[in-house]
Chemist: 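The structure's right below; bear with me while I get my questions together.
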Amino acid sequence: MKRLCITILCIVMVLTFAGCRGNWKDNAVAGWDNLANSLSKSQITKDDDLIGERTLSDDDYYTGSYTAECENTDGRDVVFGGASVYEKKLKVTAKVETTSGKATFRIRLGSEVEEHSTDEEGNLELDLELESGNIYVMIDYSEFTGSVEMTCEYSDETSLEI
């Protein structure tokens with residue numbers, strides 16, 4: 001019953017966002033993207049629960065900056081991301097100063113997860129060309145003492161894929 005109600009709500013929302021004017025296909029896609037992005041925010045770590053501090057750049061959760069000062073910290077911050085019907089081209093850069101433990105960067109693309117570590121100097125640079133769907137940038141801390149500075153920004157215009 002709950003699933004049926006959610007499905008009906010989603011259909012009504014998409015039709016509402018689509019409206020009767022203009023290009024209904026573009027309006028429907030934009031409406032669905034707004035709905036998907038709103039629902040996907042529940043996957044992002046809330047500001048009050050973050051190990052570090054995040055500042056978002058735009059109205060979405062894909063770009064911004066993140067800093068953390070940690071002392072023997074365990075846990076995960078889901079810092080950036082969401083669900084979208086649009087392709088995203090993101091550039092993730094990070095600087096990690098490690099005293100002890102480990103900080104691992106994880107990129108979730110739908111059901112697949114890629115793990116990335118910094119180079120010997122503590123730098124990380126990733127260019128991500130992401131298809132539509134669930135996209136999240138995370139940091140896993142394992143008994144980590146040190147600092148993390150990370151930015152995530154669009155590397156190119158986001159394009160519409162239908």
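Predicted, not measured: the structure shown is a model, and the values here were computed from it. Only heavy atoms go into these numbers, but all of them, side chains included; no hydrogens, no water, no symmetry mates.
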Chemist: Determine whether a donor-acceptor pair (N or O, by modelled atom type, separation under 3.5 Å) exists between the side chain of Thr67 and the backbone of Glu149.
Modeler: no
Chemist: Are the side chain of Asp77 and the backbone N or O of Val79 linked by a donor-acceptor pair below 3.5 Å?
Modeler: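 Not a single qualifying donor-acceptor pair exists.
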Chemist: Quick check: closest heavy atoms across Gly52 and Ala68, and the distance to 0.1 Å?
Modeler: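 Of all heavy-atom pairs spanning Gly52 and Ala68, the closest is CA-CB, 3.7 Å.
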Chemist: Of all the heavy-atom pairs spanning Lys88 and Ile135, show the shortest one and how long it is.
Modeler: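 That closest heavy-atom pairing would be CG-CD1, 3.9 Å.
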Chemist: May I ask you to decide if Asp127's main-chain N or O and Lys89's side chain share a donor-acceptor pair within less than 3.5 Å?
Modeler: no
Chemist: What do the steps show when you test Ile51 against Phe144 for side-chain contact (heavy atoms from CB on, under 4.5 Å), and what is the final call?
Modeler: CA-CA 11 Å; Ile51 294 166; Phe144 178 75; over 6 Å; no
Chemist: For the residue pair Cys152 and Leu90, what are the closest heavy atoms and their distance?
Modeler: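 Reported closest heavy-atom pair: SG-CD1, 4.0 Å.
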Chemist: With rounding to the nearest 0.5 angstrom, report the CG to NE2 distance, Leu126 to His116.
Modeler: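 Nearest 0.5 Å value for the CG-NE2 distance: 5.0 Å.
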Chemist: Measuring only between side-chain heavy atoms, which start at C-beta, is Val96 closer than 4.5 Å to Ser147?
Modeler: no
Chemist: So do Ser142 and Thr104 actually touch side chain to side chain, heavy atoms under 4.5 Å?
Modeler: no
Chemist: Measure the spacing between CD1 of Ile44 and OH of Tyr136 and express it to the nearest 0.5 Å.
Modeler: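 Atom-to-atom, Ile44:CD1 and Tyr136:OH are 5.5 Å apart.
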Chemist: Any chance you could measure Phe105, atom CZ, to Met150, atom CE, to the nearest 0.5 Å?
Modeler: 6.0 Å
Chemist: Quick one: closest heavy-atom pair of Gly82 and Tyr62, and the distance?
Modeler: C-OH, 3.1 Å
Chemist: Answer yes or no: is there an ion pair linking Lys102 with Glu143, defined by an N-O contact shorter than 4.0 Å?
Modeler: no
Chemist: To the closest 0.5 Å, what do you measure between OG1 (Thr73) and CG (Asp140)?
Modeler: 12.5 Å
Chemist: For the backbone of Val78 and the side chain of Thr45, can you confirm whether one donor and one acceptor N or O come within less than 3.5 Å of each other?
Modeler: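 Side chain of Thr45 to backbone of Val78, a donor-acceptor pair under 3.5 Å: yes, one is there.
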Chemist: Hey, could you give me the CZ/NZ distance between Arg54 and Lys46, rounded to the nearest 0.5 Å?
Modeler: 11.5 Å
Chemist: How far does NZ of Lys95 sit from CG of Asn123, to the nearest 0.5 angstrom?
Modeler: 4.5 Å
Chemist: Using side-chain heavy atoms (C-beta onward) and a distance below 4.5 Å, is Tyr61 in contact with Val137?
Modeler: no
Chemist: Would you say Val92 and Phe80 make side-chain contact, with heavy atoms under 4.5 Å?
Modeler: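 In short, these two side chains do not touch, never coming nearer than 4.5 Å.
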Chemist: Less than 4.5 Å apart, side chain to side chain, heavy atoms only: is that true for Tyr66 and Ile139?
Modeler: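 Counting from C-beta outward, Tyr66 and Ile139 do come under 4.5 Å.
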